[in-house]
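Per chain, numbering begins at 1; letters A, B, ... match sequence-line order.
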Number of protein chains: 2
Amino acid sequence: MTTLHIVDDDEAIRDALGWLFQSRNVPVAGWPAAEAFLEAWRPDMAGCLLLDIRMEGMSGLELFDRLLSKGCRMPVIFLTGHGDVPIAVSALKKGARDFVEKPFNDNELVDRVIDALAFDAEQREREAGQAGLAARLATLTQRERQVMELVVAGRLNKVIADELGISMRTVEVHRSHVFEKMRVKTAVELTRLLTGAA
Amino acid sequence: MTTLHIVDDDEAIRDALGWLFQSRNVPVAGWPAAEAFLEAWRPDMAGCLLLDIRMEGMSGLELFDRLLSKGCRMPVIFLTGHGDVPIAVSALKKGARDFVEKPFNDNELVDRVIDALAFDAEQREREAGQAGLAARLATLTQRERQVMELVVAGRLNKVIADELGISMRTVEVHRSHVFEKMRVKTAVELTRLLTGAA
DNA sequence: GCCGACTCTGCGGATATCCACAATAGCCGC
DNA sequence: GCGGCTATTGTGGATATCCGCAGAGTCGGC
């Protein structure tokens, strides 16, 4: 479920934001502490994060850092009450999606959150495609993988046979297994698949 | 020449920064006004930009916008005296490389400038490759381009012949011209070239 | 010890691709 | 009008790729 996760230790703000977003049909989950969200986070969690900078315990920035190191790629929008340019710059350079000062304009914030949710959805779609690809790649044997790499590098079968020290016929066999497992019919299609072309 | 361009209407700051960077062997050019730099800018200008936000006449932000719309992709580092988070956020989201508040730490600024210069050099190298590619693409005739697209899409010659309503032989001729002009030997190489694969 | 995988190889034929030689035709500029 | 560029097509042969049929050796699990 693609949800807006609001992490803020101020219950009044969580409630107010919850109200705001639910009235715009954006599903919301509130978290009273960075630690709680960090604990609950899972790689398959979809949506985006609205993160207060200043909180009791772990700060929003630290939560962001920890999520990044866990591999989280959910878009993050920071909320901050006291403008601090260096913090904003560093957060954005680390990949935060936005950095909004309180008091904020409701409509603007909603727009940014909706953008972020859409971005996350697209990103997940791309990654789903990549996952299917990875699954198919995983069914290849070592040898098949080697042959595939050389095919995608543009080598002819005879050259591949040479480089691997095996017969052309064997290369053909591996090559055809690769095509079959990767569900393509030509070397060009395989190349596009692996280089992530449109 | 890869130069640090300092745009600031305060001569004292230009001088101070000029001194700082020249002492670190970074070539510097000073510009007293955004208008002057905008006028002088050329697409082949290499290096990076150190841009004061608040200036007489055109502001640093407006200069940045205008450069962007002219297609300038030089890395830009903003210098500002009065921290303004929304401005910083918007500049970074537009692609500015950094946003530094005065007073700044000399060493840190130098590091960021050097990073930016290195980035620009890399970017130019990539673009030089792309330019060579574009030049070769420009030598193709319409028909050759059509055939090329279908080849890169993974179609067999007979299919291409069908789709274009011409004979296979003609497709072969165009195809071989494409390979020759693009300096590749196989369809896979051509695909990698066009999809920008490593 | 048998079965299943992965790997390796050969033979021969059907397709596909690459290319030299050869020719026709439209268009454009000098 | 002639020369150059582009597009078109054919013939025929050299290579390369695709595949079914067949067999063989290794290794690991039941």
Find the distance [X]:[atom1] to [N]:[atom2] and express it as a whole number of Å.
X        : N      : atom1 : atom2 : result
A/Phe179 : C/dA16 : CZ    : P     : 15 Å
A/Met148 : C/dT7  : CE    : P     : 13 Å
B/Glu172 : D/dA7  : CD    : P     : 17 Å
B/Met168 : D/dT11 : CE    : P     : 13 Å
B/Arg143 : D/dC5  : CZ    : C1'   : 16 Å

Looking at [X], does any N or O in its side chain come under 4.0 Å of the phosphate oxygens OP1/OP2 on [N]?
X        : N      : value
B/Arg169 : D/dT11 : no
B/Thr141 : D/dC5  : no
B/Asn157 : C/dT17 : yes
A/His174 : C/dC8  : yes
B/Ser176 : C/dC18 : no
B/Lys158 : C/dA16 : yes

So which one's nearest nucleotide on DNA chain D is more toward 5', A/Ala187 or B/Lys181? B/Lys181
Should the pair B/Phe64 and B/Phe78 be assigned to parallel (<30°), tilted (30 to 60°) or perpendicular (>60°) ring geometry? perpendicular
Parallel, tilted or perpendicular: which one describes the rings of A/Trp31 and A/His5, with boundaries at 30° and 60°? tilted
Could you tell me whether B/Ser167 contacts a base, only the sugar-phosphate backbone, or nothing, with contacts defined as non-hydrogen atoms closer than 4.0 Å? sugar-phosphate
